[in-house]
Amino acid sequence: MNFSDRLLVWYDANKRALPWRDSDNPYKVWISEVILQQTRVEQGIAYYFRFLDAFPDVISLASASEDEVLRLWQGLGYYSRARNLHQTAREILEKHGKNFPESSEEWMRLKGVGPYTAAAVTSIVFKEAIPALDGNVYRVLARAFALPYNMDTSKGKKQFYQLATQLIDPKRPGDFNQAMMDLGAMICKPSGPLCLKCPLNTLCLAKQQNAAKNYPVRNPKKAVRERFFNYFKITTKDPQGKIFLFIKKRQENDIWKNMYDFPLLETTEDTPPETLFKHPWWLHLFPDEKSFLMEGQVRQRVHKLTHQTIHAKLFQIFVHPENTVLLNKIFIAVDFDQFEQMAKPRLIELLHWDRGEKS
DNA sequence: AAGCCGGGGAG
DNA sequence: CTCCCAGGCTT
């Protein structure tokens with residue numbers, strides 16, 4: 001038996017039962033593929049169910065607001081996926097008149113759809129014989145053939161792509177692609193691969209060399225950036241005694257774009273409150289140091305992302321309503337119930353609900 | 001080509 | 001702690 005036959009025999013007997021499998025619905029497969037970009041299946045499944053429940057088809061997704069879509073995506077990360085998904089739903093409805101494109105070339109032109117997602121959707125739904133290369137597939141191929149190609153470079157990716165094109169079963173392209181990913185996730189794992197259970201173990205060159213850990217070749221990882229976020233949870237009361245807090249929509253090209261957080265003063269290093277309260281940004285909001293009151297403990301939290309570590313502090317500030325004219329111009333006043341319904345980064349969710357302080 | 005974009009689970 | 005996950009976009 002050749003590579004593909006062994007792989008597919010194994011797949012038929014061992015494939016994972018996943019909610020979007022055996023579906024010929026391009027919308028469902030598309031959503032699942034985008035949710036699973038850089039995201040483990042176990043983490044994505046709950047989001048998949050909630051997303052399809054809220055937006056069962058492309059029309060409902062296109063009809064939603066971006067805020068609603070981001071709110072459903074909250075906690076999953078890489079939020080451009082949600083923004084692009086929403087934008088692309090509207091584009092499909094406009095240009096394709098509700099019908100999805102059927103070729104990977106057309107899919108590639110959609111926002112948020114790259115080589116992997118285009119190939120995955122069209123191979124699974126439309127049986128296009130094009131390989132879908134994700135992290136699992138690079139690892140399986142690199143080990144099986146002891147390939148020295150760097151998967152972080154375009155040249156390296158091209159080598160993997162050409163090989164996969166040779167291997168893919170044109171009769172079952174979707175199953176081939178999913179089988180490669182299942183094998184990578186279940187057997188040919190990044191560390192501690194289960195070679196004894198692998199259907200390819202008799203032909204795997206990395207196993208013969210006992211060198212699975214050397215594959216695939218990748219770029220060395222970069223240093224993590226350190227950032228210092230000083231947040232101010234500014235609250236006030238209206239004449240009826242109802243509490244409002246001031247928030248902001250992040251519109252810069254930075255993390256968490258188009259999601260909501262508290263008024264933020266970012267500094268290049270850890271900065272004591274006395275210094276923050278003399279900062280021009282703060283003095284602009286509160287020229288008079290008696291116009292605000294700091295209450296409660298300062299909440300602190302270290303939030304680690306893949307590429308940056310955020311040292312966050314949350315200062316709780318109370319402001320008398322007569323001193324909120326400028327705040328109302330710069331920020332958005334919401335009550336706590338409204339705030340709960342808005343799309344927030346994980347860090348904000350944690351700071352908001354934190355009890356006491358941590359250092 | 002390199003930099004940027006989240007959060008979480010496994011070891 | 002480190003690694004990396006059904007990647008894609010911007011510069």
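To find a chain, count down the sequence lines: A is the first, B the second, and so on, and within it residues start at 1. All values below come from the heavy atoms of this structure, side chains included, with hydrogens, waters and symmetry mates left out.
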When rounded to whole Å, the CG to P distance for the pair A:Leu76 and B:dG9 reads 12 Å
Tell me the interatomic distance from A:Lys189, atom NZ, to C:dC5, atom P, rounded to whole angstroms. 13 Å
Do any side-chain nitrogens or oxygens of A:Gln37 fall under 4.0 Å of OP1 or OP2 in C:dG7? no
Residue-phosphate contact under 4.0 Å: A:Tyr79 side-chain N/O, B:dG7 OP1/OP2: yes
Would you say whether A:His307 stacks on B:dC4? The test is a distance between ring centres of less than 5.5 Å and an angle between planes of less than 30°. no
Confirm from the modelled atom types if A:Tyr78 and B:dG6 form a donor-acceptor pair under 3.5 Å, side chain to base only. yes
So does A:Trp73 get a side-chain nitrogen or oxygen closer than 4.0 Å to the phosphate oxygens (OP1/OP2) of B:dG6? no
Donor-acceptor pair under 3.5 Å, A:Thr117 side chain vs C:dG7 base: no
Is it the case that the base of B:dA10 and the side chain of A:Arg40 share a donor-acceptor contact (distance under 3.5 Å, atom types as modelled)? no
Phosphate contact (B:dC5 OP1 or OP2) by A:Gln308 side-chain N/O below 4.0 Å: yes
Check whether any side-chain N or O of A:Lys221 sits under 4.0 Å from OP1 or OP2 of C:dC3, and answer yes or no. yes
Tell me whether the side-chain N or O atoms of A:Thr39 pair up with the base of B:dG8 as donor and acceptor below 3.5 Å, since no angle test is needed here. no
